Amino acid sequence: MNTGASVAVEGKLVESPAKGQRIEMQASEIEVFGSAAEDYPLQKKRHSFEFLRTIAHLRPRTNTLGAVMRVRNACAQAIHEFFREREFLWVHSPIITASDCEGAGEMFGVSTFDPTKIPTDKEGKPDYSQDFFGRPAYLTVSGQMEAEIMATAFSNVYTFGPTFRAENSNTSRHLAEFWMVEPEMSFCDLEGDMNLAEEFLKYIFSYVMKHCPEDMAFFNERIDKEAIARAENIINNEFERLTYTKAVELLEKCDRKFDYPVEWGIDLQSEHERYLAEEVFKKPVILTDYPTEIKAFYMRLSDDGKTVRAMDVLAPGIGEIIGGSQREERLDVLERRIVEAGLPKEDYWWYLDLRRYGTVPHAGFGLGFERLVQFMTGMGNIRDVIPFPRTPMNADF
RNA sequence: UCCUCAGUAGCUCAGUGGUAGAGCGGUCGACUGUUAAUCGAUUGGUCGCAGGUUCGAAUCCUGCCUGGGGAGCCA
């Protein structure tokens, strides 16, 4: 009988005289349901995560993936409990969207066309009027705009589901298919948004520490010796909050040499964000009030005209884990911002309707679920915190 | 997409121009209060792929493929 066999053992559970275990079973009967062939790839030793990714159908049996999947599950439970306690409505945003106005990244097309013979119009372009939806359709990159719709009816809502990015990103922090949590709150400003984000992360970390203590101890010992200290740091300390402008001043004054020079107006680089979260404050940092030019059109313009009410939560070791904002609720300002961004206003007719009919101050944020699990467990590669990772050139299993 | 490192046995790796190696695993046997057991034997390779240089290439050169790390984009 080899490692990997499936068995049922009947016997007597007794106190063990051996070291390192309290109990053992003295077997009286063993039934083998499935023996494992001698080429069973999982051995009783450490395997590299790269190798395990090539056998994604067997790796859930390993102790590390097992711990990851339990913690991932606990994170999902914590998210639902957090919002249920606060009476947020879980709304199901669509996976397929015909709206091409989300602008959050490259999208996967959804079509039933036979790729070898796509109908074309007079100009030789694909004639989508003959396609399944009668127009171009895509996999969603974000449920935010649908969440905004629902928030104008139910006040507090959240989405939690898969999202897709067709970007050719090959990093340990990106997936083509990943899950996102997006709360959206009416009658809420940026302060309320930040408060919720901070409470939210603290809640999830407390929940996992309470429900998965053995798995967290495992990660702390085998994967990342900071895992438990980091969780306690999150739970027990106030997040640092400062404006983008203050952060830039701080970066300009510090002794550290950066590959990319810092000046007001630039989008902060990974090295800048890491420096702030890992070296200056050594805890999560919330940056707010970013320059208008580097943020999305729907974020609420401040009175200074130069910044928007946006916020990013930067986590040590991970970087941006949450991105959010107060949304622009003023119809005239939003229309102007859409035009300034060079976007077709007619595509946003329903989004603008939300401002036309009973507009309301509102705010929300998005959290990358796999990044949260990475942050929680200390796992280095995002492909190892989702059972079946989808990345460029990889959709096996 | 860019930069960089790597690809040798099922796994983890050593081998820098001269007959392809180790540990683990597998198989067989022995032994055993074991814990990723121990002891003995044994099995196992188109050295990522294709070309080139050379008397001779795992080793040097070129191209490609795949993977890791970093960057960009972002969550």
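Just so it is clear: chains get the letters A, B, ... in the order the sequence lines come, proteins before strands, and each one is counted from 1. Owing to the predicted nature of the structure, the values given are computational and were not obtained by experimental measurement.
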Under 4.0 Å: is that the gap between some side-chain N or O of N381(A) and OP1 or OP2 of G69(B)?
yes
Rounding to the closest angstrom, what is the interatomic distance between G40(B) and C31(B) at atom P?
15 Å
Rounded to whole Å, the CG-C1' distance (N170(A) to C5(B)) equals 15 Å
Between K295(A) and D312(A), does the salt bridge (Lys or Arg N to Asp or Glu O under 4.0 Å) criterion hold? Intermediate values first, please.
CA-CA 11 Å; K295(A) 287 291 182 184; D312(A) 283 354; 3.3 Å; yes
What interatomic distance, in whole Å, is found between C1' of U4(B) and the corresponding atom of A9(B)?
28 Å
How far, in whole Å, is G56(B) from C73(B) if one measures between their C1' atoms?
50 Å
When the P atoms of G21(B) and C47(B) are compared, how many Å lie between them, rounded to an integer?
14 Å
Using heavy-atom distances to pick each residue's nearest nucleotide on RNA chain B, tell me which of E38(A) and L367(A) is more 5'.
E38(A)
Euclidean distance for C1', G63(B) against U12(B) (whole angstrom)
30 Å
Categorize Y260(A) for me: base, sugar-phosphate, or nothing, with a 4.0 angstrom heavy-atom threshold over every strand shown.
sugar-phosphate
Does any nucleotide pair with A36(B) by Watson-Crick or G-U wobble geometry, both distances under 3.5 Å, and what is it?
none
Is it the case that one hydrophobic cluster holds both L52(A) and L175(A), taking links as side-chain heavy atoms less than 4.5 Å apart, direct or via other members?
yes
By nearest-nucleotide position on RNA chain B, the 5'-leaning member of I382(A) and M393(A) is M393(A)
Opposite nucleotide pairing with G56(B), Watson-Crick or G-U, both atom distances under 3.5 Å
none
Determine whether L251(A) and V280(A) fall in the same hydrophobic cluster, where Ile, Leu, Val, Met, Phe, Trp and Tyr are linked whenever their side-chain heavy atoms lie under 4.5 Å apart.
yes
Verify the contact: side-chain N or O of R173(A) to OP1 or OP2 of G70(B), cut-off strictly under 4.0 Å; return yes or no.
no
Return the nucleotide paired to C31(B): Watson-Crick means purine N1 to pyrimidine N3 with N6-O4 or O6-N4, wobble means G-U with N1-O2 and O6-N3, both under 3.5 Å.
none
Nucleotide opposite G67(B) in a Watson-Crick or G-U pair, distances under 3.5 Å
C5(B)
Distance between C1' atoms of U43(B) and C11(B) (Å, rounded):
16 Å
Tell me whether the OP1 or OP2 atom of G72(B) has a side-chain N or O from Q269(A) closer than 4.0 Å.
yes
Donor/acceptor link under 3.5 angstrom from Q43(A) side chain onto base of G10(B):
yes
If you measure from CD1 on I223(A) to CG on D215(A), what distance do you get to the nearest 0.5 Å?
11.5 Å
With E329(A) as partner, the option from R355(A), R356(A), R309(A), R300(A) fulfilling salt bridge (Lys or Arg N to Asp or Glu O under 4.0 Å) is R300(A)
Between U32(B) and A57(B), how far apart are the two C1' atoms, rounded to whole Å?
49 Å
OP1 or OP2 of G25(B) less than 4.0 angstrom from a side-chain nitrogen or oxygen of T3(A), does that happen here?
no
Any N or O donor-acceptor pair linking the side chain of S169(A) to the base of C74(B) at under 3.5 Å?
no
Taking atom P in both G10(B) and G44(B), what distance in whole Å separates the two?
11 Å
Answer for the Watson-Crick or wobble partner of U19(B), both distances under 3.5 Å, is none
With a 4.0 Å limit, can you tell me whether S172(A) has a side-chain N or O closer than that to the phosphate oxygens OP1/OP2 of G70(B)?
yes
Between R165(A) (CZ) and G72(B) (P), how many Å, whole number?
17 Å
Find the distance between CD (E238(A)) and CD1 (I286(A)) and round it off to the nearest 0.5 Å.
9.5 Å
Below 3.5 Å, does any donor atom in the side chain of H174(A) face an acceptor in the base of C74(B), or the other way round?
yes
